[in-house]
**Student:** 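Take a look at the following structure, please.
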Amino acid sequence: MDNRDYARVLKEIAALMQIKGGNQFRIRAFENAARTIETQTESLEAIIDRGELTDLSGIGKGIARELQQMRQQGSCDLHRELLAELDPGLLTLMKIQGLGPKRIKAIYDELGIADPESLRQAAETHQIQQLSGFGKKTEEKIVSELDRLARNQGRIPLPRAQSIAGSLRDQLRELDSVDSIEIAGSLRRGRETIGDIDLLVATEDSEPVHQAFRSLVEVEEVLLSGDTKTSVRLHNGIQVDLRTVEPEIFGSALHYFTGSKEHHVALRTRAKRQGLKISEYGVFGEDESTPLASRSEQQLFDCLGLDYIPPELREGTDEIERAANARLPRLVEPGDIRGDLHMHTTETDGRATIEEMAHTAIERGYEFIAITDHSQAVRVANGMNAQRLGEQIKAIRRIDDACDELQILAGIEVDILKDGSLDMDHQLLAECDWVVASVHSHFGLSAEAMTERLVRAIESGLVCALGHPTGRILGGRDGYSYDFQTVFDCAAKHDVALEINGSTGRLDLNAELAAYAHQRGARLVIGSDAHSCRGLDDIHFGIQQARRAGLEAESILNCLSADRLLKTLKETRT
DNA sequence: GCCGTTTTCGGCCCGACTGTTTTCAGTCG
């Protein structure tokens, strides 16, 4: 079992206890423990075997016992008992919006229903509205929710959500009554997938804003609408929540709507101990009519005696404690990035020429770029053979010589073949200033074989960075499996950087693994993997994931000046 | 069930909206 399996069992226990009607705080304890395990990069089984389970926050004796039992037997008594008592199908009903544990329990007890299909039948034959506490509206909502679930599964990748949210924000910003508007929620925190989009508007006159929001052409259905809050579903199935507040409380409201839930629970618990109360309306002391802080997030954190916590770190892990002790990292910012070391041109599968990419890089204020087209193994991308690479190196040198404002490095994204050898003449690779090595084939190797494959590539002495190191596609395929510790340690030893690839489909490494790579002493590089001039913008997503990983500019190779970067590369490549 | 700047007991965030009620429970974020 891997960490996700352990976390899933704990979450199922929590959900089943909710339906059964257990102690709310006991239920939360199981949810918290599941979250701790999910965010753990080290294998939980290794931690169990060392006897260090209760060192993890949220895991005490009781939950540790269940986890140990799972390690030994593959399951635990508590989980088995709950499943024997309740139907496992109930867990799928928990995904239906508007149905919580109480209503599911009522439906189960009264009608014996524990799966979506029977629920649909019962709703369509109007058995649901007969139940006490249920009515016509609830019944209709259940049917439409079941339709939606059948159509539209799961969460949206961050980049897609960002583009949709940006367009909605820009439309609402045009309104006279909108003072300011921000995208909040998990999108602002940079979560790699998004459940729904949250928009926050500061206004003195909220009704026209809600009216305009409900009337946007993108909107399919209005789910709810009150004085301060409207929720809609767009034609593409995505839910968007709009909240309006007075400008005086925009800061505390923005903090509230940015989340996460866990961050709020932790922060409010701490504030309560200090005799303070936090809500979206501000921080309050004894006088509950006038907030001590509300206008800006900075003011709110100041008032609580905390350093400003960037949205990307607000996950309710240890950020509050670190903010209280002035120990938060100074996260890397877009302005720290001095160049981009992963991009493609018309020579292979890019849409812009070297000159066009260079021109855009200069507009972006970069000091350097590396051109890294594919090697021949990637046939679909028209990868280069040795002769073509030789010519491209010359072309890059020529353009670089004519360009004073930007240093253009000759590079390549060379394929790591099945056996770990590199798909290019070694002499030519040594001639390149910058070599990204990536896996584009044979994803299904065993973890042992994949580990050996990557280690061999790193040990070649020719590679500067490992490109999109897990190969995962967001919402598509999982990454290939290998021993992260071995590969990251090897990369650290040989001064090979690990890439945080910002390309919209990838975000690879993800934040958790990037943090782990850093912890193992490996250097990181943030790349856009641009296939067009506009693609260079995608570096933004890589930066955001680096921030979620808690990384500072010092840990990131392309935050060095061009001179220092070249000097470093010269020293480290053999 | 977990945890501790009120530490081994007693507390665990806070408010908006809806639907089904006649004052509020349930759900959501």
**Student:** Could you work out which one of B/dC17, B/dG29, B/dC12 sits closest to the side chain of A/Leu224?
**Tutor:**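 Closest of the options to the side chain of A/Leu224: B/dC17.
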
**Student:** So A/Ser132, base contact, sugar-phosphate only, or nothing? Heavy-atom distance under 4.0 Å.
**Tutor:**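 If one applies the 4.0 Å heavy-atom cut-off, A/Ser132 turns out to touch nothing in the nucleic acid.
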
**Student:** Could you tell me how far apart A/Asp241 (CG) and B/dT27 (C1') are, to the nearest whole angstrom?
**Tutor:**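 So the CG-C1' distance, A/Asp241 to B/dT27, works out to 13 Å.
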
**Student:** Return whichever of A/Lys141 or A/Lys61 has its heavy-atom-nearest nucleotide of DNA chain B closer to the 5' end.
**Tutor:**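 Nearest nucleotide further toward 5': that of A/Lys61.
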
**Student:** Can the positive tip of A/Arg330 be found less than 6.0 Å from the middle of the six-membered ring of A/Tyr308, inside 45° of the ring normal?
**Tutor:**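 No; the conditions do not both hold, so A/Arg330 does not lie above the ring face of A/Tyr308.
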
**Student:** Rounded to whole Å, please give me the gap between NZ in A/Lys277 and C1' in B/dC13.
**Tutor:**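 Rounding to the nearest Å, NZ of A/Lys277 and C1' of B/dC13 are 10 Å apart.
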
**Student:** OP1 or OP2 of B/dC17 less than 4.0 angstrom from a side-chain nitrogen or oxygen of A/Arg243, does that happen here?
**Tutor:**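 So the side chain of A/Arg243 is outside the cut-off, no N or O lying under 4.0 Å from OP1 or OP2 of B/dC17.
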
**Student:** Counting any heavy atom closer than 4.0 Å, what does A/Ile27 reach on the DNA or RNA strands: base, sugar-phosphate only, or nothing?
**Tutor:**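 No contact at all - A/Ile27 keeps every heavy atom at 4.0 Å or more from the nucleic acid.
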
**Student:** At under 4.0 Å between heavy atoms, what does A/Asp227 touch on the DNA or RNA strands: base, sugar-phosphate, or nothing?
**Tutor:**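 Sugar-phosphate, no base atom in range.
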
**Student:** At 4.0 Å (heavy atoms only), tell me whether A/Ser260 reaches a base, stays on the sugar-phosphate, or touches nothing.
**Tutor:**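 The answer is nothing, as A/Ser260 stays clear of every strand by at least 4.0 Å.
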
**Student:** Contact class for A/Ser225 vs. all strands (heavy atom < 4.0 Å): base, sugar-phosphate, or nothing?
**Tutor:**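 Since only primed, P, OP1 and OP2 atoms lie under 4.0 Å of A/Ser225, the category is sugar-phosphate.
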
**Student:** Checking A/Glu139 against A/Gln129: is there a side-chain donor and acceptor pair closer than 3.5 Å?
**Tutor:**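 A pair is found: one side chain offers a donor N or O, the other an acceptor, under 3.5 Å apart.
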
**Student:** For residues A/Ile19 and A/Tyr108, determine if any side-chain heavy atom of one lies less than 4.5 Å from a side-chain heavy atom of the other.
**Tutor:**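 Contact flag for A/Ile19/A/Tyr108 side chains = no.
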
**Student:** For DNA chain B, determine which residues of residues 75-87 of chain A have any heavy atom closer than 4.0 angstrom to one of its atoms, and list them numerically.
**Tutor:**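 Per residue number, the list is empty: none.
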
**Student:** Among A/Glu315, A/Glu319, A/Glu192, find the one that has a salt bridge (charged side-chain N to carboxylate O under 4.0 Å, His left out) with A/Arg548.
**Tutor:**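 Only one option passes, and that is A/Glu315.
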
**Student:** For A/Arg65, I'd like to know if atom CZ has over 12 heavy atoms of other residues, nucleotides or ligands within 6.0 Å.
**Tutor:**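 Result for CZ/A/Arg65: open.
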
**Student:** Which part of the nucleic acid, if any, lies within contact of A/Phe257, taking any heavy atom under 4.0 Å across all strands shown: a base, the sugar-phosphate backbone alone, or nothing?
**Tutor:**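 Nothing, no heavy atom under 4.0 Å.
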
**Student:** I need the residues from residues 99-128 of chain A with at least one non-hydrogen atom less than 4.0 Å from DNA chain B; give them sorted by number, or say none.
**Tutor:**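 The stretch gives A/Leu99, A/Gly100, A/Pro101, A/Lys102, A/Arg103 as the residues lying under 4.0 Å from the strand, ordered by number.
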
**Student:** Measure NE2/A/His210 against C1'/B/dC17 and give the value in whole Å, please.
**Tutor:**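 So the NE2-C1' distance, A/His210 to B/dC17, works out to 12 Å.
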
**Student:** May I ask you to say what A/Leu131 touches in the nucleic acid, namely base, sugar-phosphate or nothing, with a heavy-atom cut-off under 4.0 Å?
**Tutor:**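 No contact at all - A/Leu131 keeps every heavy atom at 4.0 Å or more from the nucleic acid.
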
**Student:** We want to know whether A/Asp287 and A/Ser289 form a side-chain donor-acceptor pair, criterion being a heavy-atom distance below 3.5 angstrom.
**Tutor:**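 Checked: A/Asp287/A/Ser289 side chains pair up, N/O donor to acceptor below 3.5 Å.
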
**Student:** Are A/Arg214 and A/Ser225 linked by a side-chain donor-acceptor pair shorter than 3.5 Å?
**Tutor:**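 Per modelled atom types, A/Arg214 and A/Ser225 side chains form a pair under 3.5 Å.
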
**Student:** Assess whether atom CD of A/Gln73 is packed by more than 12 heavy atoms of other residues, nucleotides or ligands within 6.0 Å.
**Tutor:**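 Correct, the count exceeds 12.
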
**Student:** Answer yes if the side chains of A/Ser215 and A/Gln211 hold a donor-acceptor pair under 3.5 Å, and no otherwise.
**Tutor:**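 There is such a pair between these side chains.
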
**Student:** Students often get this wrong, so: under 4.0 angstrom with heavy atoms, is A/Gln97 touching a base, only sugar-phosphate, or nothing?
**Tutor:**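 If one applies the 4.0 Å heavy-atom cut-off, A/Gln97 turns out to touch the sugar-phosphate alone, with no base involved.
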
**Student:** Looking at A/Asp170, I want to see if its CG is surrounded by more than 12 non-hydrogen atoms of other residues, nucleotides or ligands under 6.0 Å.
**Tutor:**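 Check passes, neighbour count above 12.
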
**Student:** Hey, does A/Glu280 reach any base, or is it just sugar-phosphate, or nothing, if we go heavy atoms under 4.0 Å?
**Tutor:**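 Sugar-phosphate, backbone atoms only, no base.
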
**Student:** Could you state the CD-C1' distance from A/Glu288 to B/dG15, rounded to the nearest angstrom?
**Tutor:**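 The answer, rounded to whole Å, is 13 Å.
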
**Student:** Are A/Ile107 and A/Phe134 close enough that some pair of their side-chain heavy atoms sits under 4.5 Å apart?
**Tutor:**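 The answer is yes, as the side chains (C-beta and beyond) meet within the 4.5 Å cut-off.
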
**Student:** Does A/Thr138 place a side-chain N or O at less than 4.0 Å from the phosphate oxygens OP1/OP2 of B/dT20?
**Tutor:**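 For A/Thr138, the contact criterion (side-chain N or O under 4.0 Å from OP1 or OP2 of B/dT20) is met.
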
**Student:** Using a 4.0 Å heavy-atom cut-off across all strands, classify A/Ile278 as base, sugar-phosphate, or nothing.
**Tutor:**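 Counting heavy atoms under 4.0 Å across all strands, the contact made by A/Ile278 is with sugar-phosphate only.
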
**Student:** Does OP1 or OP2 of B/dC12 have a side-chain N or O of A/Lys272 closer than 4.0 Å?
**Tutor:**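 Answer yes for this pair, as a side-chain N or O of A/Lys272 is under 4.0 Å from OP1 or OP2.
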
**Student:** Can you say whether a donor on the side chain of A/Tyr281 sits under 3.5 Å from an acceptor on the base of B/dG15, or the other way round?
**Tutor:**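 Absent.
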
**Student:** Does B/dT8 have a Watson-Crick or wobble mate here (both distances under 3.5 Å), and if so which one?
**Tutor:**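 Pair assignment: B/dT8 / none.
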
**Student:** Which whole-number value in Å describes the distance from A/Gln18 CD to B/dG26 P?
**Tutor:**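 After rounding, the gap between these two atoms is 13 Å.
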
**Student:** Out of B/dG19, B/dT6, B/dG15, which has the shortest distance to the side chain of A/Ser279?
**Tutor:**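 Given the options B/dG19, B/dT6, B/dG15, the side chain of A/Ser279 is closest to B/dG15.
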
